[in-house]
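Report on the structure given below.
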Amino acid sequence: MVFRSRAISAASTVLAVVLALCAGLCGCASKSRRAGSSDAAVVADGPPFADVVPFSASLKGEVRFKGAERIEADFTQALQLKPTKLCNELDRYSCIGLVHRIALAGVEPYRLSLYEAPQHTPVSAPIAVERVALSGCVRRVDIDLGRTAGTPLIFHELEIGADGRLVDPQGDGAGQALQRLAERVWLRPARQDEIAALRQLYQSAAKSNSSQPARDWAVLACFTVLTSLESLFY
Amino acid sequence: MLLEMSSMTVGERRPRNFFDADELKLKSMRILRARSRPAHANALRQFGACRVLGLLASTTILVVLPVPAAAMPSGPELFCGVYVDAPGCAQRVRCSLCHTSAPARNAYGADIAAKLLPRHSRPLSSAEYRDNLEAALRAVEALDSDGDGDTNLEEIEAGTLPGDPTSTPSAGGCGRNNEQFNVCDYDLPYAYKKVKLDFCGASPTFEELDQFRSLDQQEQLARLDQVLDGCLESAFWRGPDGQLWQLAHPKIRPVASLKDGVNKGPIPLADYESAYNLFVYANTGERDVRDVLLADYFVERQGETYRAVEETALEGMQKARRAGIITTRWFLVINTMFTALPRLTASQTYRAFLGLDIAKLEGLYPVEGEPVDYDGKGVRRPACARCHSTLDPLSYVFRNYNGLTGGKPYRAIYVPDRLELAFQGEGPRIGETPEAGVIFGEPVADLRAWAAVAANSDAFAEKTVLDYWRLLLGREPNGDEQSEFSQLWRDLRGRHDYRVERMLHDLVKTRAYGVP
């Protein structure tokens with residue numbers, strides 16, 4: 001329950017702002033890919049995507065939702081968490097294995113006669129995915145920042161001041177954390193425009209009334225990457 | 001138009017949501033396919049040519065019979081003969097070059113059709129089509145068929161689709177760079193990641209993917225096979241509730257409340273795990289997948305290890321009467337009990353293992369003189385007889401298979417006079433119900449013979465591969481992919497000797513699977 005209240009707290013403070021930025025990031029990235037234009041696409045109030053160049057787009061344009069089991073495996077692999085620690089409703093019931101299994105395109109043949117996964121992603125899938133991602137990110141960041149016992153992995157080199165803020169939002173510590181995050185989730189190095197966009201999140205976190213903007217930023221950067229199209233579809 | 005003839009060869013699978021005309025065309029193809037099978041020829045002769053023609057006429061099929069595919073020149077080949085250097089011709093040209101969903105044409109295909117001997121009556125002869133297509137292609141080069149701002153010729157030269165406004169040279173075609181994916185050809189790192197996700201259930205790590213990229217192409221191919229072999233052993237693939245179990249769910253249709261054995265439900269009638277075990281066993285290793293319908297053994301599981309056994313505590317079918325999953329206690333309990341003529345058992349087998357759903361008018365092979373209506377259900381009425389003339393002869397072979405026999409523990413066994421003993425109230429003719437039946441127009445003496453015809457049919461191989469195709473690609477094969485799909489199930493029957501894992505090694509190397 002403690003974990004749950006922390007997650008809700010983090011979400012309620014800056015989630016709305018970040019989601020808006022995520023939408024901007026996705027939308028702009030998508031636009032630049034579709035158009036293949038060298039014109040700089042711009043995140044709201046952010047730097048231009050100067051590095052984005054035209055590239056061949058897939059003629060299929062076909063990706064598949066990973067679904068419950070693969071999301072659980074990939075999230076736990078990326079965040080180095082045990083499945084039992086990734087997300088539990090009421091601290092007891094597995095989000096993926098039980099509570100949100102159907103929402104995440106799983107099947108339940110034995111009691112519900114749902115023999116096959118739906119052809120299309122269920123309408124409640126985004127909410128369930130975000131719930132799981134946010135939970136996992138809170139876990140990972142709290143371990144990395146020494147708030148919970150465990151082995152640091154991604155955000156442990158952030159320099160955080162006594163006021164809970166990043167000492168240098170543009171510094172190497174944040175950049176390296178984002179690179180590690182991208183490599184673990186996207187399986188590739190992050191591009192500079194992606195790093196810039198994720199750094200940009202910090203401005204919103206810092207403007208909020210949160211007493212721990214550095215932690216909130218880390219959680220939401222993780223959340224942004226984990227809920228990206230590239231992370232959830234294949 | 002360019003591809004409609006070349007891509008629609010007899011026996012190929014079409015998406016199920018096509019128009020009525022196509023439905024009729026497909027049925028006509030199935031009938032023609034049946035006629036082409038030596039095994040079915042005798043049975044069809046039994047109906048007589050008039051009956052076959054009558055059936056064709058009654059379903060208005062004759063008007064849409066396809067021209068034999070081999071007679072018409074290949075549209076893509078002719079196209080690439082004109083545009084030799086087009087990037088799209090370095091790979092196989094896609095149906096979507098000219099079609100939305102073949103035979104429907106997109107804007108580019110429609111423009112070509114309008115320029116192709118416009119004053120000639122249709123259909124064009126092969127020679128007319130072959131000799132005049134280039135002129136039609138040239139005539140539409142300067143047009144912008146899809147209205148995206150680029151002429152058709154510019155799009156052809158850039159490797160984009162002139163009939164698709166979202167595919168433009170400015171959006172990037174095959175000629176442009178893409179650091180992450182080879183979007184125009186089989187992409188080995190992409191396929192590697194997919195194999196890990198599809199068969200092992202998790203992405204590779206960054207380091208694993210990086211290491212894979214560092215290999216040369218031959219090494220990557222070898223590594224891909226190696227990873228696939230490893231994943232085929234994983235719990236994600238073959239364990240309880242793994243991918244193979246998920247493939248089996250619609251076939252077995254488990255109900256937890258009726259489960260016997262481990263984790264039994266409140267009304268333990270049979271253990272469906274026995275059916276799952278046999279399914280996984282036959283679909284893994286160097287084993288014959290036809291055993292799902294032919295096995296005269298049972299399978300037990302420990303963890304992810306499956307082992308064939310002669311008997312199990314919860315099964316009891318006589319060895320000489322066994323026919324794989326369809327004679328397990330669960331299958332007979334859930335489908336046969338408590339009916340005299342087990343039509344549901346037959347139709348579920350037909351649907352689940354052969355991909356033919358009688359309720360959707362699929363796989364109809366009417367038998368002369370049928371249905372007799374031994375159980376007095378009124379199935380001779382015209383509205384019923386059309387399907388029941390196929391379904392009832394399919395069902396007779398199940399007449400003596402009983403799911404719940406005796407007291408606890410119940411047994412699923414073959415009871416020679418099952419109908420006579422337990423279903424006297426089902427009409428005066430119930431005892432006349434024969435055990436001999438008919439499947440695909442072929443007379444069979446009993447269920448084992450019925451299962452042998454089923455397991456050796458094209459339909460079984462096609463359905464087996466289709467299940468995996470849908471599992472791994474999330475949809476049925478589209479027009480572009482028909483030849484790869486067709487090759488897979490033909491190879492399953494042929495050079496792969498019904499070994500599923502061999503087929504899967506081919507499936508993951510198809511363009512459908514490995515081109516991003």
Side-chain angles (χ1 to χ4, degrees), chain A residues 32-39 53-78 80 97 101 105-121 179-189 191 230-231 233-234, chain B residues 88 94 96 159-161 164 166-184 190 193-194 197-198 200-210 236 241-243 245-246 248-257 259 265 272 470 472-475 480 512 515-516:
Chain A
S32 59
R33 286 181 187 201
R34 293 298 304 172
S37 167
S38 60
D39 294 340
V53 295
F55 55 83
S56 300
S58 168
L59 294 177
K60 285 184 180 175
E62 188 176 77
V63 290
R64 292 186 67 194
F65 182 53
K66 285 182 179 173
E69 293 148 319
R70 294 182 184 90
I71 284 176
E72 181 176 68
D74 277 6
F75 281 13
T76 53
Q77 179 172 280
Q80 211 168 302
R101 187 172 189 80
V107 299
E108 210 305 300
Y110 310 110
R111 289 171 181 78
L112 302 179
S113 298
L114 286 173
Y115 304 128
E116 297 179 270
Q119 285 285 306
H120 302 287
T121 311
Q179 274 297 354
R180 281 192 289 270
L181 181 64
E183 290 177 2
R184 297 192 70 84
V185 178
W186 291 333
L187 312 181
R188 62 172 176 81
R191 298 193 311 268
E230 199 170 342
S231 163
F233 293 79
Y234 72 109
Chain B
R94 296 163 59 90
S96 48
T160 59
L161 299 173
D164 179 357
T166 66
S167 169
T168 67
S170 58
C174 289
R176 297 208 183 229
N177 183 40
N178 184 326
E179 288 183 4
Q180 265 189 269
F181 300 102
N182 179 359
V183 295
C184 298
Y190 170 75
K193 183 182 173 188
K194 280 186 72 173
L197 277 160
D198 284 333
C200 275
S203 298
T205 63
F206 174 74
E207 291 76 17
E208 286 172 338
L209 190 57
D210 207 36
F236 178 80
D241 287 331
Q243 296 298 287
W245 278 50
Q246 292 194 23
H249 289 332
K251 304 178 196 304
I252 295 170
R253 304 198 293 193
V255 180
S257 59
K259 187 181 187 304
Y272 44 74
R470 291 177 62 196
L472 298 170
L473 282 94
R475 55 171 174 71
D480 297 348
V515 177

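Neither the backbone nor the side chain of B:I252 comes within less than 4.5 Å of any heavy atom of chain A. Contacts between A:E69 and chain B at a heavy-atom distance below 4.5 Å involve backbone atoms as well as side-chain atoms. For B:D210, no part lies near chain A; criterion is any non-hydrogen pair under 4.5 Å. For A:E183, the parts sitting under 4.5 Å from any heavy atom of chain B are the backbone and the side chain alike. Contacts between B:K251 and chain A at a heavy-atom distance below 4.5 Å are absent for every atom of the residue. With a threshold of 4.5 angstrom between heavy atoms, B:N182 does not approach chain A through any atom at all.
Contact record, B:L197 with A:D74: CD2-OD2, 3.6 Å, taken as the closest heavy-atom pair. A:Q77 and B:S203 make their closest contact through NE2-O, 2.9 Å (heavy atoms, listed as atom of the first residue, atom of the second, distance). For the residue pair A:R64 and B:R470, the shortest heavy atom distance occurs at NH2-O, 4.4 Å. Closest non-hydrogen pair, A:A73 versus B:G201, comes out as CB-O, 3.2 Å.
Comparing B:Q246, B:H249, B:K193, B:E179 by how many heavy-atom pairs each has under 4.5 Å with chain A, the most go to B:H249. Interface remark: of the candidates B:K194, B:K259, B:R253, B:R253 forms the most heavy-atom pairs closer than 4.5 Å to chain A. Of the listed residues (A:E62, A:E72, A:K66), the one with the most heavy-atom contacts under 4.5 Å to chain B is A:E62.
Annotation for A:R111: atom CZ does not count as buried by contact number, only 12 or fewer foreign heavy atoms lying within 6.0 Å.
Atom CH2 of A:W186 and atom CG of B:L209 lie 15.0 Å apart (nearest 0.5 Å).
Inter-residue side-chain proximity for B:W245 and A:V107 is flagged as unmet; no heavy-atom pair is nearer than 4.5 Å.
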